[in-house]
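Here the structure comes first, spelled out in structure tokens, and everything after it is commentary.
Quick caveat: nothing in here was measured; it's all calculated off a predicted structure. Here is the naming used below: chain letters follow the sequence lines, and residue numbers restart at 1 for every chain.
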Amino acid sequence: MPELPEVETIARVLRDGTGIYNTSIIGCQITGVHVLWARTLATPKPKGFIKQVIGQTVQSLSRRGKFLVFSLTDYTLLIHLRMSGDLRVESAQDENGKSRPFEKHDRLALEFNNGQRLVFNDMRKFGRAWLVKDSAKVLGGLGPEPLDKGLTHKIFFDMLHSRKRQLKPLLMDQRFLAGLGNIYTDEALHLAWLHPLALSHQVTREASGQLLDAIRCMLKEGIRRNGASIDRVYRGGDFQNHFRVYGRAGSPCPNCGTPIDRLVVSQRGTHICPQCQQLD
DNA sequence: CATCAACCCTGAGAGC
DNA sequence: TGCTCTCAGGGTTGAT
């Protein structure tokens, strides 16, 4: 469920030490590891992961698509939160100086030399972590960043026309564009007045530009509101209270008041205004 | 290349 | 109360 704005929010909080944790992890050296659920590690296996990651210092933290990218001294640590994953920073010890017990669904923890630890909590166990020398092995197939200024209206139009696919599954395909998930795709398509089943190669130049603008508008608003807090994962954001269509079946469209419809598109719950988003 | 379904998981909510 | 069933969803994989 975390999409680009939620992942961006987490990256900023962990990097800048603002928000709910008030501590940056940049410059911290990893002194210990707890692998609480082995399959969280996509690569390498727990033994190798622990051996390689201990002693590494966090040099920087960024985001690529929905991946968190931790640049370490000699490796790159990549984390994908998938559906229900979340990261938190806390003191490794409680008030009595004893090791702080882990919480339900904690899967992986990295302890730092300043007494803090980074904990990966993931109820549904879909999230994964990679420790690699070359991040391109994992990130290489991703499409462009939607907020990258280098992605021009012309390039985006050509991207749409080089495929013949329904808009919604295409926009959610991370090889096409990196960062959109179910929520922001529904929101952007509604803002652009486009139907999720419209075909990519039939989108006009004007509508293509409106779609790219709408995607950027929704992502920026999500980031400005610190992301959405849904699926029982609270990250401090409030974008969930400002959805146009997502999760609002039966409620009035913010444009025209027509009740929002819910349909299923490529196995995903999909929300549209049947008046504003017509299939022609 | 595009489409579709199954799979991985857990917990909430519905129905009985 | 407590059981069973259904659903949600990102990404991967394999079949068509």
TODO: State whether A:Phe102 and A:Arg117 meet the cation-pi test: NZ (Lys) or CZ (Arg) under 6.0 Å from the six-membered ring centroid, and within 45° of the perpendicular axis.
DONE: yes
Open item on the list: I'd like to know if A:Leu263 and A:Val245 are part of one continuous hydrophobic network [Ile/Leu/Val/Met/Phe/Trp/Tyr, side-chain heavy atoms within less than 4.5 Å].
Closed with: no
Open item on the list: Quick one: does any side-chain atom of A:Asn121 pair with a main-chain N or O of A:Glu103 as donor and acceptor, under 3.5 Å?
Closed with: no
Task: Presence of A:Lys104 side-chain N/O under 4.0 Å of B:dT10 phosphate oxygens OP1/OP2 - done: no
Task: Criterion side-chain hydrogen bond (donor to acceptor under 3.5 Å, both in side chains) against A:Asn182, the qualifying member of A:Glu187, A:Glu3, A:Lys168 - done: A:Lys168
Open item on the list: I need a per-nucleotide contact map over nucleotides 5-10 of chain C, read 5' to 3'. Cutoff is protein heavy atoms under 4.0 Å; write B for the base, S for backbone only, - otherwise.
Closed with: ---BBB
TODO: Work out which heavy atom in A:His195 is nearest to a heavy atom in A:Gln278; give both atom names and the distance.
DONE: CB-O, 3.9 Å
Open item on the list: I need the minimum non-hydrogen distance between A:Leu279 and A:Leu197, along with the two atoms involved.
Closed with: CD1-C, 3.8 Å
- [ ] May I ask you to decide if the ring planes of A:His161 and A:Phe157 are parallel, tilted or perpendicular, using 30° and 60° as cut-offs?
- [x] tilted
Which whole-number value in Å describes the distance from [X] [atom1] to [N] [atom2]?
| X | N | atom1 | atom2 | value |
| --- | --- | --- | --- | --- |
| A:Gln166 | B:dT3 | CD | C1' | 8 Å |
| A:Asn121 | B:dC9 | CG | P | 16 Å |
| A:Asp173 | C:dT13 | CG | C1' | 14 Å |
| A:Arg128 | C:dT12 | CZ | C1' | 11 Å |
| A:Phe120 | B:dC9 | CZ | P | 14 Å |

Open item on the list: So if I take residues 131-143 of chain A and measure heavy-atom distances to DNA chain B, which residues fall below 4.0 Å?
Closed with: none
TODO: Any chance you could measure A:Arg244, atom CZ, to A:Cys276, atom SG, to the nearest 0.5 Å?
DONE: 8.5 Å
Show every donor-acceptor pair shorter than 3.5 Å between a side-chain atom in residues 130-151 of chain A and any protein atom, with sequence neighbours excluded, or say none if there are none.
| residue | atom | partner | partner atom | Å |
| --- | --- | --- | --- | --- |
| A:Asp134 | OD1 | A:Ala136 | N | 3.1 |
| A:Glu145 | OE1 | A:Arg63 | NH1 | 3.0 |
| A:Glu145 | OE1 | A:Arg63 | NH2 | 3.1 |
| A:Glu145 | OE2 | A:Arg64 | NH1 | 3.0 |
| A:Glu145 | OE2 | A:Gly65 | N | 2.6 |
| A:Asp148 | OD1 | A:Gly150 | N | 2.8 |

Task: A:His201 versus A:Arg163, side-chain donor and acceptor atoms under 3.5 Å - done: no
Open item on the list: What I want to check is whether the side chains of A:Glu221 and A:Tyr184 have a donor and an acceptor closer together than 3.5 Å.
Closed with: no
Open item on the list: Centroid separation under 6.0 Å, is that true for the rings of A:Phe49 and A:Tyr75?
Closed with: no
What are the atom names and distances for every N/O pair under 3.5 Å that joins the protein to nucleotides 14-16 of chain C?
none

- [ ] Nearest-nucleotide wise, let me know which of A:His105 and A:Leu199 is further upstream toward the 5' end of DNA chain B.
- [x] A:Leu199
Open item on the list: For the helix from B:dA2-C:dT16 to B:dC16-C:dG2, what angle separates the axis at the start from the axis at the finish, each from five pairs, in steps of 10°?
Closed with: 50°
Below 3.5 Å, can you tabulate the donor-acceptor pairs from side chains in residues 25-37 of chain A to any protein atom, sequence neighbours excluded?
| residue | atom | partner | partner atom | Å |
| --- | --- | --- | --- | --- |
| A:Gln29 | NE2 | A:Gly55 | O | 2.9 |
| A:Thr31 | OG1 | A:Glu111 | O | 3.3 |
| A:His34 | NE2 | A:Glu111 | OE2 | 2.9 |

